[in-house]
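Chain naming here is simple, since letters A, B, ... match the order of the sequence lines and numbering starts at 1 in each.
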Amino acid sequence: MNRDAGGLRVERSSPFIQLQDAGRFGVRHLGVSQSGALDWISMYWANWLLGNALDAVVVEITLGNFDLRCEQDGCLALAGADLGATLDGEPLQPWRTFGVRRGQQLRFAQPRLGARAYLAAPGGFSASAVLGSCSSMAREQLGGLHGDGKPLAMGDHLQWMQSVAAPRPMDARLIPQFTPSPRLELVMGAQIGDFSGQSLFDVFNSAWKIDTRADRMGMRILGPRLQARRSTTISEGIPLGAVQVPPDGQPIILLNDRQTIGGYPRLGALTPQAVARLAQCLPGEELQLAPVLQETAQESHLQFLEQWRHD
Amino acid sequence: MSAPVPKLEVAGIDSLTLRLFDNIDESNMPWMLAASQRLRASFGDALIDLVPSYTTLLLHYDLERMDLKRMAGMRVRELIAEAFVDLQPASAEGGRCHELPTWYDRSVGPELPLLAQRSGLSEAQVIERHSRHEYQVFAIGFAPGFAFMGLVEEALAAPRLSTPRKRVAAGSVGIAERQTAVYPVVSPGGWNLLGRSPVKLFDHSIDGYSLMQPGDRVRFAPIDHAEFIRLGGDDSPLETPL
């Protein structure tokens, strides 16, 4: 047994706990999924708190049930969901850094607010990049701690890249608020005209409920049945956040682990901020969709990114 | 055939669908290939991903690299227009041609009898017809390195299995409607299987390596069991369909 190898030893885990970074790019024409942290905003903050590159490798902790034993002293950061985290039994709040000492236990229980927490370490966690990214992709057997796409498992050792951190506090006003029934912006796509007038009214004037069929590939939302003039189209490349409508009329929002091409009619695609907010929703929660033009969405996205530009 | 004029369709915040054709056709691919090459050149580092598929190209660009003083959308449209000036279809040498050695056999291709029965041909004729045609790679998707190829002769066309298999062996060669494909890795799948190829189609240890790319041409070459084994093939039979 490899005792005290340094870093963090995984004592309990689940298939929903994985190493992630920004994802794989430049390889989608080979059929390789994008992958990457679902709530990229929380990943950015977790890294920012330690002075890391914003897309350094983090642990994406979905729903909790994750225990770690510290095998060295260090400084870590937590952002995103409140999963009832504790350090040796003392509660830990997200959106801040915290010190750990060798021998301490870091535990994540269950969701109290949000669904996904992001744990960052100085310089990012160590893993070998596969096709330009360390993101875990189980279906494609790419990335993650061992390069085979597997989620973190009991006995895994997490090491980090730098011995010292440059921790800094976050302006409380910038903390994302996971308020209930979020309004998610949808960039209207060219195929939106393929849907009936009634359906277009329903899309933007209904409370949509998140189905239990929700994972990193996509989330189904339940509500009024939408009707498109065509049931399938010739398969084409699909962007992050694409909202496709299969013949049962219930939309599927396609996320980071989606397949690269698909052939259902699409309403458009959520903005990156909306995707990040959706990643913090649990099955059964409600959301609303709001239309936005591409140009407007671009401007507000670039403006949103400004908050990380200055130190 | 004159150069296609792409219809630009908003797909997402930083992506456009370039619609080049309305229908699936083998003659699309030389144009798709040429347009992809030109777009890669005109966008350079500002291109994040370009996904060709049958009739369209999904262009995902880096919003942060667009000139912010001007409207990003305008700059993107200029770059696309530039790429389509005097576009010529890629020559036959543009896309690569692959020969995939394939062992056609009931043990690894359990739908051979079904395909024969549907078409009224013998199994030997099904194999002959599947392997005599040069196919185009229309798209890569479903899984890394999974190439959708066509068009398969009308007589061999067959709908997907009503219940997909939970496990299809790597290298399995299948038909769905008028398309054919080879499964790069073990995965679930619903295509009608008629054989197995020992060729490795995707290897992530080689950066960005996929044997086949959209626009490539492919021919299946029948081989016998001994040759299949000599080439490193795994002849374990499929699990029973569920």
Closest-packed option against chain B by number of heavy-atom pairs under 4.5 Å, given A:Gly241, A:Ala190, A:Gly189: A:Ala190
Interface residue of largest heavy-atom contact number with chain A, from B:Leu57, B:Val10, B:Val51, under 4.5 Å: B:Val10
A:Ala242 portion near chain B, given a 4.5 angstrom heavy-atom threshold: neither
Check: B:Gln213 side chain, A:Leu30 main-chain N or O, donor-acceptor pair, under 3.5 Å: no
Largest heavy-atom contact set with chain A, pairs under 4.5 Å, which of B:Pro184, B:Ser53, B:Ala147: B:Ser53
Atom group of B:Asp62 that falls short of 4.5 Å from chain A, counting heavy atoms: neither
Pick from B:Gly145, B:Ala143, B:Ser187 with the largest number of heavy-atom pairs that fall under 4.5 Å of chain A: B:Ala143
Value rounded to 0.5 Å, distance of CD1 in A:Ile261 from CZ in B:Phe138: 12.0 Å
Atom pair CG (A:Leu240) and CG (B:Asp49), whose distance is rounded to the nearest 0.5 Å: 11.5 Å
Options A:Gln294, A:Gln259, A:Glu185, ranked by heavy-atom pairs under 4.5 Å with chain B, top entry: A:Gln294
Between B:Ile13, B:Asp14, B:Ile140, the one whose heavy-atom pairs under 4.5 Å with chain A are most numerous: B:Ile13
Toward chain A, the part of B:Leu16 with a non-hydrogen atom under 4.5 Å: side chain
Structural part of B:Leu50 lying under 4.5 Å from a heavy atom of chain A: backbone
Greatest number of heavy atom pairs closer than 4.5 Å to chain A - which of B:Pro144, B:Gly141, B:Ala11: B:Pro144
Residue part contacting chain B, namely of A:Leu293, when any heavy atom lies under 4.5 Å: neither
From NE2 (B:His60) to NE2 (A:His29), nearest 0.5 Å: 14.5 Å
Taking every non-hydrogen atom, the tightest pair across B:Gly12 and A:Ala269: CA-CB, 3.9 Å
More than 12 heavy atoms of other groups within 6.0 Å of A:Met161 CE: no
Over 12 non-hydrogen atoms of neighbours within 6.0 angstrom of CZ in A:Phe201: no
More than 12 heavy atoms of other groups within 6.0 Å of B:Phe142 CZ: yes
Whether over 12 other heavy atoms sit under 6.0 Å from A:Arg183 CZ: no
Contact origin within B:Ser15 toward chain A - heavy atom pairs under 4.5 Å: both
Nearest non-hydrogen partners of B:Leu58 and A:Gly237, listed with the distance: CD2-C, 3.5 Å
